[in-house]
Asker: 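Have a look at this one.
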Number of protein chains: 2
Amino acid sequence: MPVTDRADLDTVLGKAVTILRAFRPDDRVVSLAELVRRTGLHKATVHRLSGDLVANRLLDRADGGYRPSRGLFELGMLASVERSLLELAMPFLQDLYERTHETVHLGVREGHDVVYVAKIGGHRQARAPSRTGGRMPLHCTAIGKALLAYAAPDLRREVLTGPLERRTPHTVVVPSILRGQLRRVTETGVAFEAEESAVGLVCVAAPVLGRGDEPLAAISVAGPTGRFRPEGHVAAVRAAAAALGSTLTRRDLLR
Amino acid sequence: MPVTDRADLDTVLGKAVTILRAFRPDDRVVSLAELVRRTGLHKATVHRLSGDLVANRLLDRADGGYRPSRGLFELGMLASVERSLLELAMPFLQDLYERTHETVHLGVREGHDVVYVAKIGGHRQARAPSRTGGRMPLHCTAIGKALLAYAAPDLRREVLTGPLERRTPHTVVVPSILRGQLRRVTETGVAFEAEESAVGLVCVAAPVLGRGDEPLAAISVAGPTGRFRPEGHVAAVRAAAAALGSTLTRRDLLR
DNA sequence: CACAGCGTATCGCTGAACGAGACGATGTGC
DNA sequence: GCACATCGTCTCGTTCAGCGATACGCTGTG
């Protein structure tokens, strides 16, 4: 029921963007027919526009279909805000990784989702569904809870009253419980997640606070259930987030 | 004289892409007038299309202009080849960083350029002009030389006979000298760069070889002139590249 | 005050984009 | 073997989205 940010389908540009967004992170190639199905556009239109997108180097032809190209990757990296945030954050994420040797995430809020700006991990990387540039609902991830706990009350209310999508059997879908968790986050400065977004994954996160009201981002450390003890990394995550926060404040990263 | 991949300016899509590509990595916001100047398109056209791009969440309005948005970043991350390469490579890049604590790059070839797919660094990061998603000419970077030395003879000839752009006083612009360097690269398995792309920056790289002829990518370690001794990292870079190469081969990263 | 540069808005004209539909190739079940 | 479905590609007449010349108002600036 969200006012889906659906692109304007009456304009060429809108259709092209719709086609691009029809690709999902995990498919290698998508056939013309599949694109038609996903977008709901006319076959001839998708055929023609896909051809144009290839000509403009936003898509590649491959086997029996299309896939997003390197040119699209390059374009995406022009997003200045993400890039400068990423570049400033990288040293701190590296430190954190080196201290923990677990999967480290950096995420920002967009609507009711968290968008992962960076994900770094080593060989024994947890099987996390997160991807750089990917999305997850706020309410079922540690990063999301960290962002939500420190966000504007209006936003928090919105999320708490809206439907809380169940991702795993452990996802917290009861508003009152979630509210309690968020209160604890503001008390302790860290947020936890226990297999709420993906089975087998636990996580601890801390918000990156700037001068403004809304947190600028959040940092998390994730690992597999069992071996990984999130409590053991509280100090490290908190320190990394705080250090990044004061750096960003000093550099005055504008909204 | 390269058949510049200039987008088709007779189509809406081509113009839109042209506008997007008019943004440079380092500008925060770009005014309408500046976009008009850079693209050569009509003022009214840029005005209208920029509006459409904002409506489709590929651009943001900011202060007195536009800038690439988070939506564009997300789209870019759909590029599957880059993403899967990046995800498989990350652990090895992390190891390399941890061993060296210097700036680590992963790059692939695109035309006569290297495109950086990843860049990780710590606090004492070298002041490198490289950026994730950015480009550099092949002939003046360590990664580029590594890719070039192992590339198809045709490509090597093309680059060597074409103009060799001078980036710094140290850029190698004499074909015969460059050819000699490339020969040494194939003999030793590593490529060097000494302030050839940016003053104050030295670099050592090794190719990531797969089953095919063309190298899949290259890995480099970079640091500031003076303190940083590239020779000291030869073994580490070579090891990382080899390990990644065999992993990619095993996983059969196609094309 | 004159002028230049900017963002925005208007408005007829025209050709790019549209989508119904045809067509050939391939695959699949009977 | 045939009937049928699915797919990618292409054609073609219609029409409306996109076009750009032009105008306007709002800055600064000499």
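Every heavy atom of this structure was used, including side-chain atoms; hydrogens, water molecules and symmetry mates were not. Proteins get letters first, then strands, A, B, ... in listed order; numbering begins at 1 in each.
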Asker: Heavy atoms from C-beta onward define the side chain here; which of C:dC18, D:dG20, D:dG18 lies closest to that of A:Thr45?
Answerer: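 Per side-chain heavy atoms of A:Thr45, the pick is C:dC18.
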
Asker: Reckon B:Arg48 has a side-chain N or O less than 4.0 Å from the OP1 or OP2 of D:dC19?
Answerer: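 True: B:Arg48 side-chain N/O within range (under 4.0 Å) of D:dC19 OP1/OP2.
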
Asker: Got A:Arg167 and A:Met136 here, is their nearest side-chain heavy-atom distance under 4.5 Å?
Answerer: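 The answer is yes; the side chains approach within 4.5 Å.
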
Asker: Atom pairs, N/O to N/O, protein against nucleotides 3-7 of chain C, distance under 3.5 Å?
Answerer:
{"unit_1": "C:dC6", "atom_1": "OP1", "unit_2": "B:Arg37", "atom_2": "NH2", "d": "2.5"}
{"unit_1": "C:dG7", "atom_1": "OP1", "unit_2": "B:Leu32", "atom_2": "N", "d": "3.1"}
{"unit_1": "C:dG7", "atom_1": "OP2", "unit_2": "B:Ala33", "atom_2": "N", "d": "2.6"}
{"unit_1": "C:dG7", "atom_1": "O6", "unit_2": "B:Lys43", "atom_2": "NZ", "d": "3.3"}

Asker: Please determine if a side-chain N or O atom of B:His42 lies less than 4.0 Å away from the OP1 or OP2 oxygen of D:dC19.
Answerer: no

Asker: Is there a donor-acceptor pair closer than 3.5 Å between any side-chain N or O of B:Ser69 and the backbone N or O of B:Arg57?
Answerer: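 Looks like yes, one N/O pair under 3.5 Å.
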
Asker: Tell me: CG of A:Asp63 to C1' of D:dC7, nearest whole Å?
Answerer: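 In whole Å, D:dC7 C1' lies 15 Å from A:Asp63 CG.
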
Asker: Quick one: B:Asn56 CG to D:dA17 C1', roughly how many Å, whole number?
Answerer: 15 Å

Asker: Whole angstrom is fine here: how far is it from CG in B:Leu49 over to C1' in C:dA17?
Answerer: 15 Å

Asker: Expressed as a whole number of angstroms, how long is the span from A:Leu35:CG to D:dT6:P?
Answerer: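 It works out to 18 Å between those atoms.
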
Asker: Report the distance from atom NZ of A:Lys15 to atom C1' of C:dA17, rounded to the nearest whole Å.
Answerer: 7 Å

Asker: Is the side chain of A:Thr171 donor-acceptor paired with the backbone N or O of A:Glu196 at a distance under 3.5 Å, no angle test?
Answerer: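 Here the side-chain-to-backbone pair exists.
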
Asker: Please report the distance, rounded to the nearest Å, between CG in A:Asp52 and P in C:dA17.
Answerer: 7 Å

Asker: What's the closest nucleotide to the A:Ala44 side chain, out of C:dA17, D:dG18, C:dG21?
Answerer: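 Nearest to the side chain of A:Ala44 among the choices is C:dG21.
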
Asker: Just say parallel, tilted or perpendicular for the rings of A:His105 and A:Tyr116, cut-offs at 30° and 60°.
Answerer: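 The rings of A:His105 and A:Tyr116 sit tilted, inter-plane angle from 30° to 60°.
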
Asker: Indicate the atoms forming the closest heavy-atom contact of A:Leu86 with A:Ala118, along with that distance.
Answerer: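 Shortest heavy-atom separation between A:Leu86 and A:Ala118 comes out as CD1-CB, 3.4 Å.
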
Asker: Is there a donor-acceptor contact under 3.5 Å from the side chain of B:Arg156 to the main chain of B:Leu148?
Answerer: yes

